[in-house]
Amino acid sequence: MFFPPSRNDIRGKAHGGRGGRSKVELSAREELAKAREERELRKRQKLELKAAVAIQAAWRSWSSRLTTKNAARINWTEQYGYEGEKLQARDCLSSKTSGALGRLMFFYRPGTDWRLLVSVARIVASASKTDEFKTYTASYNGEDTSASMLYQLKALALQCFLTLSHHRYDFAPQLAMSRPSNPLDPLVGVAAGALLECVVLLVSPDPFAPVLGKPRATSLAAAVLGHLAANGMCGHLFLILMATLSPPLRPQLQLGLGNAAPAPVRQIVCAKPYVETLTTQLTVRLLALKSFNPTRVDDSLHVLLFVPDLWQRCTSLQPVSARLCRVALSWLSAAGPQRLGNVLQPPQCSALPWGTGTAVAILLANILAVGPRLLEGDKAAAVPGTQRALALNVVRVLHAVVSLLPLQPFFPDASVGGDETEDEVDEAACGSLGVARLMLPAGAAPQLPVGLVEAVQGLTGPAGRQLIKQLVTVLLPHAGPLPCEAESTGTVLWAPGLPQLPGGHTSTSTMSNSPPAVFPQAVICSGATYGVAATPQRVPSTGLSPQHSGSGIPLPAPILPSSGALLEAAEAAHALCEFLWELGQLPGQQQRVMLSAAVSCDVVERMWWSFLRHARHADLCGTAWLPTSPPPGSSPGSTRATCSASSSYNCAGPVSMELELPSLMTSAGGGTGANGIGAVRQAAGLMTGFAQSRSGSGATLLDGGGVGIIDAGGGPCSGGSGGGRGAASLWRPRLAEDAGWLLPLAVTCSAFSAQIATSTLEEFYGEAQRPLPLQQLYDAAAPEAGFLAMLRDALWQVLWSDGETDRTPAGEALYAVLARTGGLLYGILYERNCRRPFCPTDAFHATALAPDWFFTEANSSRSHAGREDGTTRVWQVLRHAPYLVPFSDRARLFQQMVGKERQEYREQEESRALEMSALEGLLGNRFVHIRRDRLLFDGFDNLNSLGDRLRGRVRIAFIDAHGAPEAGVDGGGLFKDFMEELMRAGLSAEYGMFASNSAHQVYPNPAAMRVVDDAPRLMAFLGRMLGKAMYENILLELPLAGFFLKKFRGTRCDLNDLPTLDPELYRSLLRLREHFTAASAGPATPEGSQHGGVAAADAMDLGLTFVVADDAAAALGDPHAEVELKPGGRCIPVTAENVNEYIHRVAHYKLNISPQPAVSAFLSGFYEMIPRSWVSMFSGEELQTLISGAEQRLDLEDMQENVVYAGGYHEAHPVVLLFWEALGSFNPEEQGKLLKFVTSCSRAPLLGFKYLEPKLCIQMSGGMLDPTATQRLPTASTCINLLKLPPYRTLTAMREKLLYAINSGAGFDLS
């Protein structure tokens, strides 16, 4: 049996029985603890008693109220009937609480008393034109009766509406009926119709106007409507619409009308159903209600946009669809992206299949159905800055919606057209809002509304293209120079030490790494938007002498950009670019989105002229136009920033609404006038509403008459984001790593690349010069002010200056995006410049790159075996933007890497040979016997199986036609001869492995993979041998086709590469496009052809479809074989609408698809010898130079400085002087033949004769005293680059003997 321990036992155990504190002290402490516990117990008991009393009182009150209501219900039914059949108009139209209406509102419950309310509603609505109703309306003018009357009208309207919502599934068949001519007639009307007519009557001022006058009648109707809206009218209206238009698949509960006979056939006024009348009336009147501030999700009109196919199901809403969307998007924009997951949750989401994911898709589909009308045709457009604010709201909400949109089944995974990248960085993070994408479970697609998938996919189709074009036009308003800039064509030299700009921003450059450079005048007005009348801000005199143009005319001082205008342009550019980038991250959509933005929306031109150009000028001026201090409320180092209007869209990470919305108040407060005050009130209302919605409390209307969410201007934040500099000055990029221009530049580069890859050279260089004029890319008078210089400095900063700094994941993604997109465009522009120069080549080189700096750091960045370390900034530059480094430095680095790896491998080979037996060691110096008449196949049989040992030394022994070895020992020259003859044979048309274009440039023959036996292995062998030639620094005269050279870098070819494959096909495709263009522009009549036009019918006579001839099948004897360019292409005719697609698909097939197997086989062998990353840093022309050497006249000075003499010759010897004089008199072709005679290659070494191994040597053949020596011909030993030159006495003899020797075509036997 358990006995509790005594106090002494506890005290003894606590102190271990070895003394301690006194028992008196311990006893006092225990007594205090016991007293404290008793006090807490009494306090708790007192609170429980108080709570019990309150609960009992509340219960008694509720029970008493329930008893009273039941008694009142019994009395009401006894007096007026169980269904109100005894009611009279005078009973209902009484402002007294003892009237039928007042008594009904006291005990009414929608679940059981709805028949009574139907009777009252029918009588009130029927009596709207009677004297009783006028008398009842007049009571609103009385001081004692106005309040009770207003209460009764509000309660009646609300209960009628709530009853429709409560019984929505039962009333759905009635609400879907067409409205009859007399909807209040009990014989033809329905119960739901009576309730609906009463609601519509009470929110309209028309029945009250004859008595109260227009102003007071409008005020009364607005009060009733506001009461409905404040009690969740929009949410209930959504539920009614969903129940009526999309009834759930479950049995309906019939309300029944007693023993009444079926209603007779109604007289239809129009096809508009009851529910459409209710929706239209309430929506239109709420849009006109200026004083309403929605504070909860259910209160906002945006919930109506969750109704599938809203505009087609409620056609009467179409005239106000644009305004409704503007109001809804404005409210959603103010809510912020972090809250959209909850805001986009419609009330009782079970009305939609799969909840929020479906709601987001339906919202997007309804917005796209409105399209560009969102920003058109409203008086709000007349308010300065309002259209820009609306566009910002639209683009921000679309950004959030696309971020939340489930991918399945709207945008399933697609590899075709997607952008493949090897980067491990999540590029979507740079435009992400930090919200988790929603998902629909498997099998959800069949339950989605009909046509929803196609409607959502229209976001990247024509519907979305029109909306994006409108957004681009509004947010990037300038597609060319400003009027004030067009008048000024001069240039000025900017000098350091200029004063600060207005606004207190310091003059420190963050982007340019260039010295002060010449650039055009920058005119950026200080208004709300560029071009607004404002006083230009000119730079005060700096004491420098006036600058002069090339003609000697003095030029004016520059005009500084306005930081406020730049901030506004940056805010718009960032919002648009974040949306476009997020849209491009949808599977398989990036190329499509960027091409559409570039071609259809002119985003490249507009981004340059509206923002990037001015940001570049500001940077050249040393202007730090972004606020340097973090916004209020943000912690140091955080990426959260405050912006005007919807500042919450610049908040990264989860932030509670209570913390997010004060930034909205701060931003709006920076503005001036009523707009700023209205924005503050709007923010306060949102805070209150969200707090109430979270706590479950009811909604109340806000007091005050400030500008609310819903107003005539079209939405909230019109003041905050409409262009006030006080608000814009608080804007900062969402990412701390963004200097204000990184993301816009990255998106511009992506769109630029997409457009330039699909446009022709004529469009780029011709009169149109799209997407940017060449002068804006590079202007010799202002080399640092163009787009090329900005891109160059941006890439250098991202890849080099900040290449090894610590960044956030989103910042890392932003840098990776700019490195990829900017580097891609930089390479395209560089290749265009190589093909047809529009600027000096050194304009592409980084100006901050000191001589040998890059080369020195590259040497320290390589790992063992000469392979690159891809994580360092050196290799990031070489990977993404190699043309920042001069070609000579890259070629030098390439040769050094190859030479170091070759040396390390041979050292390993020699060490292995020493460890092996003497016989096995001889294999290290293997001789390969090659018959000249079977050179290709002998080489394949003997060398293809070597594998990695091919990196070692290979010695050749030629076998002549008689089967005897040719004279000579291979010291390298015979191998060079073998390589040249092997590649010449393998790439000739004799074996069918390669084909050639009209310029005699070769490329892998697509038909070879089907025609030639063992073609894949032969093709890989030829690629391996070309790599071996580059590995051994052997120059081969192999003219490769331009599109084939582009394949070495792993990039796809486009239409502009087609001339290097088939120039005739390229010209035919361009003529085809001109044909269809003329057909679409000319008249579609036979007479049109007589006037120079082409009839549209004539264009169809071509009989073209989306097929192309199969060249490989034709090589096998089937000339009629065809390949479809797209699924079902045989049945798709080529028209004026799709001719561009046809042209690009033909080019894509010819350049990328058809030659792919042969090219892949060749490159697989090549990459075994030369890593892909080593050749990807060269353009096609540069790679051809690496393979074949430079096509230029011999540099005789360089040759003389790097030649050695033997046999008695020296640099001042008379014979040597005659030799150089004779060589100087040769034409370039003869000089090349001489070099080939000596070295086996007609082209000079890439970096000069200094790098020729072994050194070029001139040796005397015979003696000066030998009279027969002058009768000999010059001979050569190509294995050691040795020229044996007899001592000729005259210049004529020297020329004749040299020319005879180099033109004789002798073999490589030793003399």
Side-chain angles (χ1 to χ4, degrees), residues 841-842 845 849-859 862 866 885-904 906 971-973 975-976 979-980 1028-1037 1170 1174-1175 1177-1178 1181-1207 1209-1213 1216-1217 1219-1224 1226 1228 1231-1259 1276-1285:
T841 303
D842 56 5
H845 302 156
L849 184 61
D852 295 331
W853 183 14
F854 185 88
F855 188 76
T856 302
E857 185 164 341
N859 288 331
R862 291 200 314 273
V885 184
F887 171 61
S888 58
D889 291 347
R890 285 180 280 125
R892 179 184 171 193
L893 178 62
F894 172 79
Q895 290 194 346
Q896 183 171 357
M897 289 188 301
V898 171
K900 184 174 181 180
E901 180 168 314
R902 182 174 61 244
Q903 178 182 359
E904 291 177 353
R906 289 179 179 174
F975 181 71
K976 289 193 294 183
M979 291 295 299
E980 187 169 289
K1028 174 66 174 177
M1030 297 184 67
Y1031 191 81
E1032 298 291 344
N1033 198 19
I1034 298 175
L1035 297 180
L1036 301 175
E1037 296 186 43
I1170 304 295
W1174 288 9
V1175 294
M1177 56 181 169
F1178 299 103
E1181 291 78 4
E1182 293 172 346
L1183 184 58
Q1184 182 69 68
T1185 303
L1186 285 177
I1187 296 172
S1188 305
E1191 292 185 1
Q1192 58 187 9
R1193 191 182 183 93
L1194 287 182
D1195 187 351
L1196 296 183
E1197 293 183 1
D1198 177 62
M1199 190 174 179
Q1200 292 182 52
E1201 292 176 357
N1202 295 281
V1203 72
V1204 295
Y1205 302 97
Y1209 283 150
H1210 53 82
E1211 61 181 358
H1213 196 282
V1216 172
L1217 296 178
F1219 170 78
W1220 291 118
E1221 185 178 357
L1223 185 57
F1226 290 174
Q1231 290 179 351
K1233 288 183 178 181
L1234 177 65
L1235 188 61
K1236 180 179 178 65
F1237 178 77
V1238 178
T1239 66
S1240 76
C1241 183
S1242 62
R1243 297 185 180 183
L1246 180 62
L1247 301 178
F1249 286 93
K1250 176 181 179 181
Y1251 294 91
L1252 181 65
E1253 296 180 2
K1255 291 285 188 181
L1256 183 65
C1257 179
I1258 301 178
Q1259 177 182 317
S1277 296
T1278 57
C1279 57
I1280 56 175
N1281 298 327
L1282 174 64
L1283 173 63
K1284 300 177 181 179
L1285 182 67

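The analysis underlying the following values was restricted to heavy atoms, covering all of them including side chains, and did not include hydrogens, waters or symmetry mates. Remember, predicted model here, so these are calculated numbers, not experimental data. Start at 1 with the first residue, then count along the sequence.
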[Y] side chain reached by [X] side chain, heavy atoms, under 4.5 Å:
| X | Y | value |
| --- | --- | --- |
| Thr1185 | Phe887 | yes |
| Arg890 | Glu1182 | yes |
| Leu1196 | Phe1226 | no |
| Leu1223 | Met1199 | yes |
| Phe1249 | Leu1235 | yes |
| Met1030 | Val898 | no |
| Trp1174 | Leu1186 | no |
| Phe894 | Ile1170 | yes |

Lys1236 and side-chain hydrogen bond (donor to acceptor under 3.5 Å, both in side chains): which single residue from Glu1037, Glu980, Gln1231 fits?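 Answer after filtering Glu1037, Glu980, Gln1231: Glu980.
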Show your working on side chain to side chain contact (heavy atoms under 4.5 Å, CB included) between Tyr1205 and His1213 and close with a plain yes or no. CA-CA 10 Å; Tyr1205 302 97; His1213 196 282; over 6 Å; no
Say you draw a straight line from [atom1] of [X] to [atom2] of [Y]; how long is it, rounded to the nearest 0.5 Å?
| X | Y | atom1 | atom2 | value |
| --- | --- | --- | --- | --- |
| Leu1234 | Thr1239 | CG | OG1 | 9.0 Å |
| Glu1201 | Asp1195 | CD | CG | 8.0 Å |
| His1210 | Ile1258 | NE2 | CD1 | 12.5 Å |
| Ser1188 | Ile1034 | OG | CD1 | 13.0 Å |

Short side-chain to backbone donor-acceptor contact, Lys1255 and Lys1250, under 3.5 Å: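 Side chain of Lys1255 to backbone of Lys1250: a pair is present.
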Aromatic ring proximity Phe1219/Tyr1209, centre distance under 6.0 Å: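 Centroid distance Phe1219-Tyr1209: not below 6.0 Å, so no.
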More than 12 heavy atoms from other groups under 6.0 Å of CD on Glu1211: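 At most 12 heavy atoms, drawn from other residues, nucleotides or ligands, come within 6.0 Å of this atom.
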Check Arg902, Gln903, Met897, Glu904 against Lys900 for a side-chain contact (heavy atoms from CB on, under 4.5 Å) and give me the one that passes.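 Considering Arg902, Gln903, Met897, Glu904, a side-chain contact (heavy atoms from CB on, under 4.5 Å) with Lys900 is found only for Glu904.
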Shortest non-hydrogen contact between Leu1194 and Ala1244, atoms and distance: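 Minimum heavy-atom separation between Leu1194 and Ala1244: CD2-CB, 4.0 Å.
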